[in-house]
Every structure is written in C-alpha cells, then in structure tokens.
Amino acid sequence: MYRTAGLEQFACMEITRLLSHILLLLYCGFYDRCVERNEQQKMAVLHIVSGVSRPAPYIIYGPPGTGKTKTTVEAIRQVLAAVGGNRVLACTPSNSAADLVCQRLLESPVVSKSEVLRFNAMSRDERDIPLDLKGNSKYDLTMGELLTFRVVVCTLVTAGK
C-alpha cells in the first residue's frame, strides 16, 4: 500500500511538472517561431512534450517540405527542456535526414554539443559524413556508451541493429 501511494504521488508530481512546462511553452513560445505559427506542428510538439502516448514512440511523417525536421527538432528541444534527465532516440529513414536533424540540433543554443550523438551504421563511408558532424559522429558503441548521450540520432535501420 505504501509503495502504491508513493508511485501515485510521483506520477502526480510528474504530471504537474509536465503541465507546468506545457503552460510555460504556450505562454513563452517555441524556440522556432515557424513551428509556433503552424497549428499542426504546434499540436504535434505539445502532444510529444505532454507524453500522451508514452511509452509508445512518436512518429512524424509526411511528404517532403512539410516541416517534419522543424517539428522534430522543436520537439526534441522542448522535451530536453521539460525534464533534465530525458533521453531522446530520433530515427529517420535516411542518412541525409538524420544528418539534417543532428545539424539543426547542434545549431541550437538549447542543446549542448556534448549531449548529441549522430550514430552511424558501420557500413557508412566516413567520407559521406558532413564535416560539421564529424565531432559528434560515432560508429560502434556499447549500450553503456550510448546512454551517456541525451540525444542519439540515427537511421531506422541502424536503430534496429
């Protein structure tokens, strides 16, 4: 009985903290004003930050040029700001998409460069990695090493291996 009460109290504290972050987000705004002005992107970010589907993963999809990268980067920034110990695994369908998400995160003053990893497949040629990602790119890490990063960006295929 004591244990259940403690879990309920913890859950209430977590919900209160997330709700306060969402209210602050709505009041103070988004890091990316383009996302804030687009109602669908804005709602996607709010749903991700609120954790309404946890522990299921969040999937952002759509045709080229619809703002998937902007929405993903904004959501990652907000999730990291909401909870100090959060970790994010961002998976994309291609290396170029993963590179772009990682580059946008590294451009952000909100995310520390040392917290972001661009995890590559062993089969990827090192010459194909953009120069600005070389310092954050790794190939073969143990699970313990992966867990030292708050954000890991990779392709879906690499994540599945």
Side-chain angles (χ1 to χ4, degrees), residues 2-4 6-22 25 30-32 35 41 44-62 67-161:
Y2 175 75
R3 200 170 211 170
T4 303
L7 288 175
E8 288 172 358
Q9 183 180 8
F10 176 75
C12 286
M13 288 172 32
E14 279 291 299
I15 290 168
T16 303
R17 188 185 43 70
L18 283 172
L19 286 175
S20 65
H21 181 76
I22 290 170
L25 173 63
F30 288 62
Y31 297 109
D32 187 327
V35 173
Q41 291 174 318
V45 170
L46 289 172
H47 281 279
I48 292 167
V49 171
S50 70
V52 293
S53 294
R54 281 191 343 197
Y58 291 90
I59 300 172
I60 299 172
Y61 63 93
K68 294 178 299 296
T69 301
K70 282 182 173 278
T71 304
T72 301
V73 170
E74 180 68 27
I76 292 170
R77 289 174 178 168
Q78 295 294 344
V79 165
L80 295 177
V83 181
N86 273 346
R87 288 194 173 94
V88 176
L89 173 62
C91 302
T92 66
S94 67
N95 279 317
S96 59
D99 291 343
L100 184 58
V101 167
C102 196
Q103 286 167 322
R104 297 277 167 83
L105 284 169
L106 292 172
E107 290 170 358
S108 168
V110 178
V111 181
S112 169
K113 290 180 181 0
S114 64
E115 296 178 317
V116 179
L117 170 67
R118 173 59 177 95
F119 191 53
N120 294 283
M122 294 294 291
S123 59
R124 188 173 190 198
D125 190 332
E126 193 171 331
R127 293 172 293 188
D128 293 336
I129 299 172
L131 289 176
D132 57 343
L133 293 181
K134 296 267 187 198
N136 291 79
S137 292
K138 303 257 187 271
Y139 285 92
D140 191 24
L141 297 175
T142 66
M143 185 58 77
E145 291 169 322
L146 281 172
L147 291 174
T148 64
F149 296 93
R150 288 191 71 199
V151 182
V152 175
V153 182
C154 63
T155 63
L156 287 163
V157 172
T158 301
K161 289 185 177 179

Side-chain touch Leu133/Leu106, heavy atoms, less than 4.5 angstrom: yes
Stepwise side-chain contact (heavy atoms from CB on, under 4.5 Å) check, Leu80 with Val110: CA-CA 9 Å; Leu80 295 177; Val110 178; 5.7 Å; no
Smallest separation among heavy atoms of Leu105 and Val73, with atom names: CD2-CG1, 4.0 Å
Positive for side chain to side chain contact (heavy atoms under 4.5 Å, CB included) with Gln103, one of Val153, Asp132, Val116: Asp132
Pairs satisfying salt bridge (charged side-chain N to carboxylate O under 4.0 Å, His left out), at least one member in residues 138-147, at least two apart: none
Partners passing salt bridge (charged side-chain N to carboxylate O under 4.0 Å, His left out) against Lys70 (at least two apart in sequence or in another chain): Asp32
Separation between CG of Asn95 and CG of Leu100, rounded to the nearest 0.5 Å: 12.5 Å
Nearest heavy-atom neighbours spanning Arg77 and Ser108: NE-OG, 3.1 Å
Non-hydrogen side-chain atoms of Asn136 and Phe149 separated by less than 4.5 Å: no
Exercise: identify the closest heavy-atom pair between Tyr31 and Glu74: N-OE2, 3.0 Å
Any side-chain heavy-atom pair of Leu117 and Leu141 under 4.5 Å: yes
Considering all heavy atoms, the nearest Ser137-Asn120 contact: CB-ND2, 3.4 Å
Pairs flagged by salt bridge (charged side-chain N to carboxylate O under 4.0 Å, His left out) wherever residues 111-122 is involved - sequence neighbours left out: Asp99-Arg118, Glu115-Arg150
Interatomic spacing from CD1 in Ile76 to CD in Gln78 - rounded to 0.5 Å: 11.5 Å
CA sep, side-chain torsions, deciding dist, call: Cys91, Thr158, side-chain contact (heavy atoms from CB on, under 4.5 Å): CA-CA 9 Å; Cys91 302; Thr158 301; over 6 Å; no
Heavy-atom check, side chain of Leu147 versus side chain of Arg87, under 4.5 Å: yes
OG1 on Thr71 to CZ on Phe30, rounded to 0.5 Å: 9.5 Å
Interatomic distance, Lys68 atom NZ to Ile60 atom CD1 [nearest 0.5 angstrom]: 10.0 Å
With Thr92, the side chain to side chain contact (heavy atoms under 4.5 Å, CB included) member among Thr69, Thr72, Val101: Val101
Least distance between heavy atoms, Arg124 atom then Pro130 atom: NH2-CD, 4.1 Å
Which atom of Asp125 lies closest to which atom of Tyr139, heavy atoms considered: C-OH, 3.8 Å
